[in-house]
Amino acid sequence: MKRTINSTGRRRLTLDQVTIRLEDPETAGGPRRFSAELTGFDEMNLSADARVYVEPYAKSSFMRFDFGTVGGIHAPAHTELVDIDAGSAVLFDVKVVDESEHVGRILAAIRGVSPVDPSEGDDNRRSLLPVESRDLGELVWQLDMSPGARPVLVLNSRLPNALVRLKSDPLVQGAILPAAIALILDRLLDPEGPGTEEEEWVDDWHTWYRAATGADPDEVEDDEERRALVLSACQAFATQQRFATRTEALGDQQEVSTDD
């Protein structure tokens with residue numbers, strides 16, 4: 001399906017207003033379904049007649065579902081993801097669209113919403129860098145920076161206790177997190193990079209950058225200068241987290257335990 005909506009002058013919806021859950025197929029082997037809880041739209045001074053659309057997508061596949069109007073949001077009878085690539089991670093855009101005075105103009109939107117994982121609740125969906133587990137072959141990890149979506153750190157599902165180790169082992173944290181952050185910051189600070197100015201996750205990372213470095217995240221055209229800024233931010237993060245010091249202390253504890 002071709003997207004033909006004009007996005008001039010849009011406002012932002014927030015994750016507090018949008019909760020999406022994937023549901024099991026009605027019949028074995030059938031397509032997945034989803035449910036969407038959309039709240040607070042009528043408090044944004046938007047036209048009550050503006051249409052509300054939920055748009056799931058994965059890779060090159062895309063669908064659009066009509067959820068009524070700002071003044072009367074209601075889910076369609078069927079939300080099966082029949083045209084979405086099976087087995088792919090699904091993300092969702094939610095848009096409020098003017099179809100009267102300025103036909104096709106987006107009044108408000110949020111992009112790249114991850115569905116709530118019942119085993120994790122909202123925490124992972126709302127985190128600065130969500131973590132997922134997939135089969136990555138021989139790679140230990142990779143950064144998923146799909147267009148229009150919050151960056152996701154992907155760990156290889158073949159590795160036992162990978163997520164537990166990322167949360168608890170300072171050596172694993174120090175080996176993965178600064179490198180992943182460097183990739184994200186290089187994209188944010190590169191004026192030639194993919195357009196990100198309208199994505200909510202960008203604001204979150206700008207806030208992180210200011211907290212880590214004490215400076216504003218300005219775009220930098222010179223590659224060497226940008227790499228230096230990214231390295232400085234990663235070094236500041238590593239210093240705050242004390243990866244090497246904590247790993248050293250953990251090694252000392254293990255040596256003491258062995259001696260005993």
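Remember, it's a predicted structure, so these values are computed and weren't measured experimentally. Every heavy atom of this structure was used, including side-chain atoms; hydrogens, water molecules and symmetry mates were not. We're numbering straight along the sequence, starting at 1.
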For this session: Carefully, step by step, assess R11 and V96 under the rule side chain to side chain contact (heavy atoms under 4.5 Å, CB included).
Result: CA-CA 9 Å; R11 298 173 64 184; V96 179; over 6 Å; no
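- Contact detail for S61 and D83: the closest heavy-atom pair is CB-O, 3.1 Å.
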Exercise. Can you check side chain to side chain contact (heavy atoms under 4.5 Å, CB included) on R210 and D216, steps first, answer last?
Worked result: CA-CA 6 Å; R210 293 186 187 96; D216 288 329; 3.1 Å; yes
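- Each of L143 and L136 belongs to its own hydrophobic cluster when Ile, Leu, Val, Met, Phe, Trp and Tyr are linked at side-chain heavy-atom distances under 4.5 angstrom.
- For the atom pair CG of D218 and NE2 of H206, the computed distance is 9.0 Å after rounding to the nearest 0.5 Å.
- The backbone N or O of L128 lies less than 3.5 Å from no partner atom in the side chain of D204, so there is not a single donor-acceptor pair.
- Taking 4.5 Å as the limit, every side-chain heavy atom of D93 sits out of range of all side-chain heavy atoms of F62.
- Closest of all the heavy-atom pairs between A212 and A236 is O-CB, 3.5 Å.
- Note on F67 and I110: same hydrophobic cluster, where clusters join Ile, Leu, Val, Met, Phe, Trp and Tyr whose side-chain heavy atoms are under 4.5 Å apart, directly or indirectly.
- Residue V172 is grouped with residue L155 when hydrophobic side chains (ILVMFWY) are merged at heavy-atom distances under 4.5 angstrom, including chains of intermediate members.
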For this session: Let me see the working for L185 and W208 under side chain to side chain contact (heavy atoms under 4.5 Å, CB included), right down to the final yes or no.
Result: CA-CA 10 Å; L185 294 184; W208 180 92; 3.9 Å; yes
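- With contacts defined as side-chain heavy-atom distances shorter than 4.5 Å, the pair P130/L153 does not qualify.
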For this session: Decide yes or no on side chain to side chain contact (heavy atoms under 4.5 Å, CB included) for I184 and L129, but give the supporting numbers first.
Result: CA-CA 10 Å; I184 295 170; L129 183 58; 3.9 Å; yes
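- Interatomic distance, Q142 CD to E132 CD, rounded to the nearest 0.5 Å: 10.5 Å.
- Here L183 contributes atom CG and L188 contributes atom CG; the two are 11.0 Å apart, rounded to the nearest 0.5 Å.
- A pairwise comparison of heavy atoms in P191 and V220 identifies CD-O, 3.2 Å as the closest pair.
- Connection of V52 to F34 is established within a shared hydrophobic cluster, with ILVMFWY side chains joined at heavy-atom distances below 4.5 Å, either directly or through further cluster members.
- Proximity of a side-chain donor or acceptor of Q173 to a complementary backbone N or O of L166 within less than 3.5 Å is detected.
- Annotation: the span from R12 atom CZ to Q17 atom CD amounts to 13.0 Å, rounded to 0.5 Å.
- Side-chain contact between L81 and F65: present, with at least one pair of heavy atoms (C-beta onward) separated by less than 4.5 Å.
- Contact detail for M63 and E80: the closest heavy-atom pair is CE-O, 3.7 Å.
- Between D135 and N156, some side-chain heavy-atom pair lies under the 4.5 Å cut-off.
- Annotation: side chain of V54 is not in contact with side chain of T79 (no heavy-atom distance under 4.5 Å).
- Looking only at distances, a side-chain donor or acceptor of T207 sits under 3.5 Å from a matching main-chain atom of D203.
- Every pair passing salt bridge (charged side-chain N to carboxylate O under 4.0 Å, His left out) that includes a residue from residues 227-244 is listed here, sequence neighbours excluded: E224-R227.
- Residue pairs that meet the salt bridge (charged side-chain N to carboxylate O under 4.0 Å, His left out) test with at least one member in residues 157-186, sequence neighbours left out, are E138-R158, D186-R226.
- Judged by distance alone, with hydrogens and angles left aside, the side-chain atoms of N161 form no donor-acceptor pair with the main-chain N or O of V164 at under 3.5 Å.
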Identify each donor-acceptor pair in which a side-chain atom of residues 39-49 lies under 3.5 Å from a protein atom, sequence neighbours left out, and give them as a table.
from: S47; atom 1: OG; to: D49; atom 2: N; distance (Å): 3.3

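- When side chains are defined from C-beta on, L13 does not count as touching L38, because their heavy atoms never get closer than 4.5 Å.
- Open room surrounds CD on E221; 12 or fewer heavy atoms of other groups in view lie less than 6.0 Å from it.
- Open room surrounds CD on E37; 12 or fewer heavy atoms of other groups in view lie less than 6.0 Å from it.
- For the pair I106 and Y53, the minimum side-chain heavy-atom distance is 4.5 Å or more.
- The two residues R134 and D144 make their nearest non-hydrogen contact at NH2-OD2, 3.0 Å.
- Distance CG/L189 to CH2/W205: 11.5 Å, rounded to 0.5 Å.
- Heavy atoms only, all atoms of each residue included: A233 and Y209 are closest at CB-CE1, 3.9 Å.
- E219 contributes atom CD, which lies 7.5 Å from atom CG of D190 (distance to the nearest 0.5 angstrom).
- Looking only at side-chain heavy atoms (C-beta outward), M145 and R187 come within less than 4.5 Å of each other.
- There is a path of hydrophobic side-chain contacts, each under 4.5 Å, that joins L177 to L163.
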